[in-house]
Amino acid sequence: MSVITTPAPRLPVRGAQARQAVSPMLKRLAAERATGVLLRECGSLYLSEGEVVHAESPRSPGLDVLLTTGGILDSEGWREAVDTAGAGLRVGRFLVDSGRVARGALELCHTGALFDAAYFVLGPSSAPAGFRYGAAHWLGPIRPVPVATVEREALRRRDLLHRIWPDPATDDAPLIRAAGLAVPPVPARQEAVLGQVNGFRTAADISRSLGRPTFHTLVDIRRLAAAGLIATAPSNAYEPAAGDEVSAPTQPWPLTVTDPDIALLQRLRDALEAL
Amino acid sequence: MPGIDECLVEAMRLPGALGAAVVDWTSGLALGTVGEAPGGDHETTAAEAAELARLAAEHRTFAPEEGSDWSGAGLPVEDLIVSNRDTYHVLRFVRTTFDSSVFLHLWLARTDGNLALARIRLGEMAGRLVLA
């Protein structure tokens, strides 16, 4: 019996972009135990003695949104905490010490938000990054995370999304529901996302209104896209008036698929192109 | 008031505890870990346990008769138990007042572990972790 000694050819993977190092600058800053803020195209990452203490991105809901949407705190309570403890850079501590938020709850919520924003901050970017030494965030440290962990997690998250559905188009475009298909029952958390899809909201908009980390929404959106239940809205989608609650707008073929066979073919094509 | 680390340390005091983690089941992120992990890798363990937790949490088969969702008064699933020849895994979902998908994962040696006790204690820890 012969033994195969040549290695299998490499399977086609995502483009070189996905494989590049997250940020060489960040590695250096961690090594020198720097304190300050890393400013990148999609947000900022706060370091304290070389560890990540906070991250924020316009694409990711802030801690205030996450806490107030669930009702753990009202916006008045949040403002009061920022007014009282913001100048002393210890809003996180104040929220816990004043009994507004349990320490465990704050740690879970903030750590989740940190990794969520960091995913976007450390996304592929062509713009140069900057670092402001000495800058600190007014929340104060809550649960510092090593830089290497944050970087590894950002890469793992990219791979996770890619494995669910390889086309990233639905990550930042306005979304529409695929009309004409009988919608099979979807899990409750996906249903909440689906209920927010209206032809002009993006994943970030949906996350803000649900008070949910955007990466969580991206996971559900990729699953819904894989199931053929949502797609990106055409770029000429009409803009609804402010406050106008719109259900799925009707779009001309081929962007609204009414024939399941055509939908399947389009999804196959998109998937092949995205490989 | 316990934070993530205190909660994990407390879990490790249970008889037979080998390792514990707080994991987010949507992303597979380990928010905190302590002790050992099967295969020595907490991050892989978290990602794999998250897959199992997600299936249990999402499928209606495992939800109570009257139904419930993550925003309501109760969780659709309280805990999951996996046993093998030498260890137990207990996954306990954590109910939070903000939108989340978090569970506690406790890994127990079968020779010293007390599954009933671990299940009760983990439930108490999950409650204390998020209550002010």
Side-chain angles (χ1 to χ4, degrees), chain A residues 61 63 65-73 95-116 118-119 142-143 145 149-150 152-154 156-157 159-161 185-192 207 209-220 223, chain B residues 1-8 10 22-33 41-44 46-48 50-51 53-63 67-72 74-77 94-104 125-132:
Chain A
L63 187 65
V65 175
L66 301 178
L67 290 176
T68 54
T69 309
I72 199 168
L73 197 72
L95 286 171
V96 174
D97 291 348
S98 62
R100 285 169 168 81
V101 185
R103 199 167 122 226
L106 184 69
E107 287 185 3
L108 290 177
C109 194
H110 180 256
T111 310
L114 186 157
F115 280 99
D116 190 53
Y119 171 75
I142 294 174
R143 201 163 185 277
V145 186
T149 308
V150 174
R152 243 186 350 260
E153 180 64 12
R156 195 188 64 81
R157 287 184 173 209
D159 282 342
L160 175 64
L161 288 183
V186 296
R189 290 176 62 82
Q190 282 178 37
E191 207 165 83
S207 305
S209 77
L210 292 177
R212 185 179 288 186
T214 301
F215 185 79
H216 287 197
T217 308
L218 291 186
V219 167
D220 282 335
R223 288 192 207 284
Chain B
M1 210 191 293
I4 293 173
D5 291 325
E6 290 77 3
C7 178
L8 290 173
E10 196 184 339
V22 178
V23 181
D24 171 59
W25 55 258
T26 305
S27 63
L29 166 72
L31 292 151
T33 60
D41 180 354
H42 274 292
E43 287 177 24
T44 305
E48 291 178 357
E51 273 297 290
R54 186 177 71 78
L55 291 176
E58 287 188 342
H59 286 300
R60 283 173 197 197
T61 301
F62 306 113
S68 61
D69 61 42
W70 293 91
S71 57
L75 299 174
V77 176
V94 180
R95 189 178 150 236
T96 58
T97 36
F98 55 93
D99 188 286
S100 75
S101 53
V102 174
F103 65 92
L104 298 175
M125 285 174 217
R128 269 202 305 278
L129 182 60
V130 292
L131 286 180

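Numbers restart at 1 for each chain; the letters A, B, ... are given by sequence-line order, proteins then strands. Please read all numbers here as calculations on a predicted model, not as lab measurements. All values below come from the heavy atoms of this structure, side chains included, with hydrogens, waters and symmetry mates left out.
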For A/R157 against B/S27, the heavy-atom pair lying closest together: NH2-OG, 3.3 Å
Nearest non-hydrogen partners of A/P185 and B/R60, listed with the distance: CB-NH1, 4.3 Å
Proximity breakdown for A/E107 and chain B, heavy-atom pairs closer than 4.5 Å: both
Spacing of NE2 belonging to A/H216 relative to OG belonging to B/S100, to within rounding of 0.5 Å: 8.5 Å
Side chain / backbone / both / neither for A/V186 at chain B, heavy atoms under 4.5 Å: backbone
Gap between atom CG of A/D116 and atom OG1 of B/T26 - 0.5 Å precision: 11.0 Å
Gap separating the CG atom of B/D99 from the CD1 atom of A/I72, nearest 0.5 angstrom: 12.0 Å
NZ/NE/NH1/NH2 to OD/OE distance under 4.0 Å, B/E43 and A/R152: yes
Proximal component of A/T69, with respect to chain B [non-hydrogen, under 4.5 Å]: neither
B/E51 side, atom CD; A/L160 side, atom CG - distance, nearest 0.5 Å: 7.5 Å
Exercise: identify the closest heavy-atom pair between B/A47 and A/R156: CB-NH1, 4.0 Å
Which atoms of A/L106 approach chain B - backbone, side chain, both or neither, heavy atom under 4.5 Å: neither
Shortest non-hydrogen separation from A/R143 to B/G32 and the atoms involved: NH2-CA, 4.1 Å
Region of A/R212 that comes under 4.5 Å of a non-hydrogen atom in chain B: both
Main-chain N/O of A/G104 paired to B/R128 side chain as donor or acceptor, under 3.5 Å: no
4.5 Å side-chain heavy-atom contact, A/L108 and B/L129: yes
When A/A105, A/G71, A/P213 are compared by non-hydrogen pairs under 4.5 Å with chain B, the top option: A/A105
Reported CZ-to-CD distance for the pair A/R223 and B/E58, which is rounded to 0.5 angstrom: 6.5 Å
Choice from B/D5, B/L29, B/L31, B/T97 maximising heavy atom contacts with chain A below 4.5 Å: B/L29
By side chain to side chain contact (heavy atoms under 4.5 Å, CB included) - contacts of B/A50 (at least two apart): B/V23, B/W25, B/F103
